[in-house]
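Worksheet for the structure shown next.
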Protein chains: 2
Amino acid sequence: MTGIRRLAQHLDISIGTVSRALNGRPDVNEETRRKVLEAAAELGYVPNQSGRSLRQGTTNIIGFMMQTGTEITGQGDTFFMSVFDGVQTVFARHHLDLVALLCSSEEDPDDYLRRVVARGFADGLILSATQRHDPRFEFLAKRKIPFVTLGRSLTDVGQPWLDLDFEGMAQTSIDRLVAKGHRRIAVTRPHDDINLGHLFVDQSARALAAHGLTLDPDLIFSSKPNEAGGYHVAQQLLAKKDRPTAILLVNETIAIGFYRGLSEAGLKPGRDIAVIGRQSPQSHFLSPSLTGFTLSRRDLGIALAEALLATMPAFSHFYPDAELRKIWPEDLVEGESDAFSLPG
Amino acid sequence: MTGIRRLAQHLDISIGTVSRALNGRPDVNEETRRKVLEAAAELGYVPNQSGRSLRQGTTNIIGFMMQTGTEITGQGDTFFMSVFDGVQTVFARHHLDLVALLCSSEEDPDDYLRRVVARGFADGLILSATQRHDPRFEFLAKRKIPFVTLGRSLTDVGQPWLDLDFEGMAQTSIDRLVAKGHRRIAVTRPHDDINLGHLFVDQSARALAAHGLTLDPDLIFSSKPNEAGGYHVAQQLLAKKDRPTAILLVNETIAIGFYRGLSEAGLKPGRDIAVIGRQSPQSHFLSPSLTGFTLSRRDLGIALAEALLATMPAFSHFYPDAELRKIWPEDLVEGESDAFSLPG
DNA sequence: CATAGTACCGTAAACGTTTACGGTGATCGA
DNA sequence: TCGATCACCGTAAACGTTTACGGTACTATG
């Protein structure tokens, strides 16, 4: 005798009533409900998730898909941990659990997702590292699995998304640097086809064009999103004959390596080259201090969770006016790294 | 008509045979097995996990419990991502999935674990951030849930564990610094009751004692395991009248903040104070280069997975001689940060 | 008092698997 | 030819829930 049956026997009532009492159904006497809850606590009863989800086709789990490989690690770390925390605070209100679905670097992300969905693992999903053309979107849409993405994509199936304001960052940065007299400005972009790279580079080019300048294709540096990538960017940059006077770093983690690369060549950000990047817990301890964009990762996680729940029938009424598609604003924190300016 | 029943109907055989074919049972004709597998692939059939786990009481999921809070983030980031990758490569061989169980910073870890277990969420667990006295151990042992911990504890319920060699690191570091003439050596430790702090500090004291020296309680700095913690340690250290000439940093992430704190006061590691810490992807880009310990996180993950599986009846025969309790060796990478030495 | 309505509860089916058990036809040895 | 063995397959129960449905006792209403 296990589970709900044990509880029912202990109370000498039917399992149906026990279930109703526990699930807050109206048609159960408040007195018996009290007894049931009491006994459940006493016996440490927790509903078996397999039985429950088999019956209702729902798992109370939301999956956040991530890759465990070392390549993506650079941006996967503390950033997501903080986002998770925001997501959790929202989910906790609805008794939903968040788990990170860890796709091994050895497995194809699309295959992995297929498996997860077919198994009926989660009621909803959060995707990140969205590719420019992302087959996962259509797959999920076809199966009617609610999901939200952190990152826009050209593949649009009507799902909600949140994204960082890469275009705004590009625009603001370029305007700022041009105002300081810079004409030859470099940008970085991730090495893969992740969508944010396109957004950032394209907008940088447009912003430069608005000032009558062009983005030299030779000054677009691809880099892996980690410290080593930044170091490599510095090396590439230093090898150029006609060195740029300013650079935009799209990724948060590469600044550290980039600084190191510069300093090994005797160069200093803010004195010899203007650098604008993005803030992170690590970058706060760079010297000279980094001029860069910042945002509340926790708030981002909250918004992400709300956008997802707003599209799930069971929860949508809680979030009637959630922002389903939002470009998240970022603030520029002024540091010393872009102090370098050129005579008008 | 769904699931296995659909598949069976499509092939015009019974669901029992389909199930046996898919699960590799011996008593099924190889020809029919081929047909079943073919049809399964064609129709994209994947067994429903709820049904399966309800029946067999097993989930094929291993959970890695983590906290999402920002405090622990400092050590939760890239370190675990790499460990995950190693764990995954082992699990993939057995069709086990690894998920990260994200305990919100707002929830008590013990309560969270209780919930996870009661729900029958995972077949096995990996715990990290082990406390000196960790109630989770006894709880899991009582329920006979297989688990392995990353980190020793005073609470021993016979479970396998792997741990970093904090005592070895302390010993090696102290010996090395004493040989360079240092007498007044500071150490750091995590701010909470996590076990590794005790191991590290105690062994440092013993190692000093072996040289006839003592560990000044005033030179034991508690810090949060992140960059800000390191910065704070530097400030505390600089405020001492009788400043130590060397310091051991137990955590990987604090070096960056510590460096920054020193440099703001015009001090330089390796010139004004000897620093020994632990390597991380970030620390590679510190200047002067950090003398510190390193290890293969991926291999650690592999060993962790093997130790866990060795204690699970269904898999133990695959790992007859897995190391169930191992202190993981680390290598010292010599950098410039401990170049500072004192006259004999 | 008869009827309708209400509040509460028990019964049993259903979710999708796995697997013990039994059954069928074929092969084989005597 | 006949039983025994074997390879293979179908049947049905079971895992722990939820929930539609129906039933009972009580209350209200006329």
Side-chain angles (χ1 to χ4, degrees), chain A residues 1-37 39-40 43-61 95 115-123 143 314, chain B residues 1-37 39-40 43-61 95 115-123 143 314:
Chain A
M1 192 71 62
T2 62
I4 201 173
R5 226 168 295 266
R6 191 163 101 83
L7 198 53
Q9 173 166 305
H10 180 255
L11 289 164
D12 198 34
I13 56 179
S14 78
I15 62 171
T17 304
V18 174
S19 176
R20 278 188 294 263
L22 291 172
N23 292 15
R25 292 286 139 112
D27 55 344
V28 50
N29 188 296
E30 281 308 322
E31 170 64 11
T32 55
R33 188 196 304 279
R34 194 188 53 73
K35 282 193 208 156
V36 170
L37 291 175
L43 301 190
Y45 169 77
V46 176
N48 177 292
Q49 187 59 37
S50 303
R52 167 177 280 184
S53 55
L54 178 59
R55 170 62 215 235
Q56 8 185 64
T58 201
T59 63
N60 284 337
I61 291 175
H95 301 287
R115 244 179 51 222
V116 166
V117 167
R119 279 175 140 210
F121 190 91
D123 293 347
R143 311 272 164 136
Chain B
M1 191 73 60
T2 62
I4 201 172
R5 227 169 295 266
R6 192 162 101 84
L7 198 53
Q9 173 167 302
H10 180 256
L11 289 164
D12 198 34
I13 57 179
S14 77
I15 61 170
T17 304
V18 173
S19 176
R20 278 188 294 263
L22 291 172
N23 292 17
R25 291 286 139 109
D27 55 346
V28 49
N29 188 297
E30 281 308 321
E31 170 64 11
T32 56
R33 187 196 305 279
R34 194 187 55 73
K35 283 194 211 153
V36 170
L37 291 176
L43 301 189
Y45 169 76
V46 176
N48 176 292
Q49 186 59 37
S50 302
R52 169 177 277 183
S53 57
L54 178 58
R55 170 62 214 235
Q56 359 186 73
T58 200
T59 63
N60 284 337
I61 291 174
H95 302 286
R115 244 179 50 222
V116 166
V117 167
R119 280 176 138 209
F121 191 91
D123 293 346
R143 310 273 164 135

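The analysis underlying the following values was restricted to heavy atoms, covering all of them including side chains, and did not include hydrogens, waters or symmetry mates.
- Listed by chain and residue number, T17(B), R25(B), D27(B) satisfy the side-chain contact (heavy atoms from CB on, under 4.5 Å) test with R20(B) (two or more places apart in sequence, or in another chain).
- Considering only heavy atoms from C-beta on, D123(B) stays 4.5 Å or farther from I61(B) through its side chain.
- Within the model, atoms OG1 of T32(B) and CG of L11(B) stand 9.5 Å from one another, a figure rounded to the nearest 0.5 Å.
- In this structure, T2(B) OG1 and L7(B) CG are separated by 11.5 Å, a value rounded to the nearest 0.5 Å.
- The CZ atom of R34(B) sits 10.5 Å away from atom CD of E30(B), with the distance rounded to the nearest 0.5 Å.
- The footprint of chain A on DNA chain C, defined by a heavy-atom cutoff below 4.0 Å, extends from dC8(C) to dG16(C).
- Counting heavy-atom neighbours within 6.0 Å of R6(B) CZ, excluding the residue itself, gives a total of 12 or less.
- Contact check for I13(A) versus K35(A): no side-chain heavy atoms found under the 4.5 Å cut-off.
- For DNA chain C, the residues of residues 3-14 of chain A within the heavy-atom distance limit of 4.0 Å (strictly under) are I13(A), S14(A), sorted by number.
- Residues from residues 18-28 of chain A placing a heavy atom under 4.0 Å of any atom in DNA chain C, listed by number, are R20(A), D27(A), V28(A).
- For the atom pair OG (S14(A)) and CD (Q9(A)), the distance works out to 13.0 Å, reported to the nearest 0.5 Å.
- S53(A) and T58(A) get closest at one heavy-atom pair: CB-O, 2.7 Å.
- The two residues Y45(B) and I4(B) have their closest heavy-atom pair at CE1-N, 3.4 Å.
- A heavy-atom distance below 4.0 Å to DNA chain D is reached by these residues of residues 50-60 of chain B, ordered by number: L54(B), R55(B).
- Each end of the helix from dC1(C)-dG30(D) to dA30(C)-dT1(D) gets its own axis, taken as the rotation carrying the C1' atoms of four end pairs onto the next four within a five-pair window, and the two axes meet at 50° to the nearest 10 degrees.
- Between G24(B) and R33(B), the closest heavy-atom pair is CA-NH1, 3.2 Å.
- Judged purely by atom type and a 3.5 angstrom limit, Q49(A) uses its side chain to pair as donor or acceptor with the backbone of T59(A).
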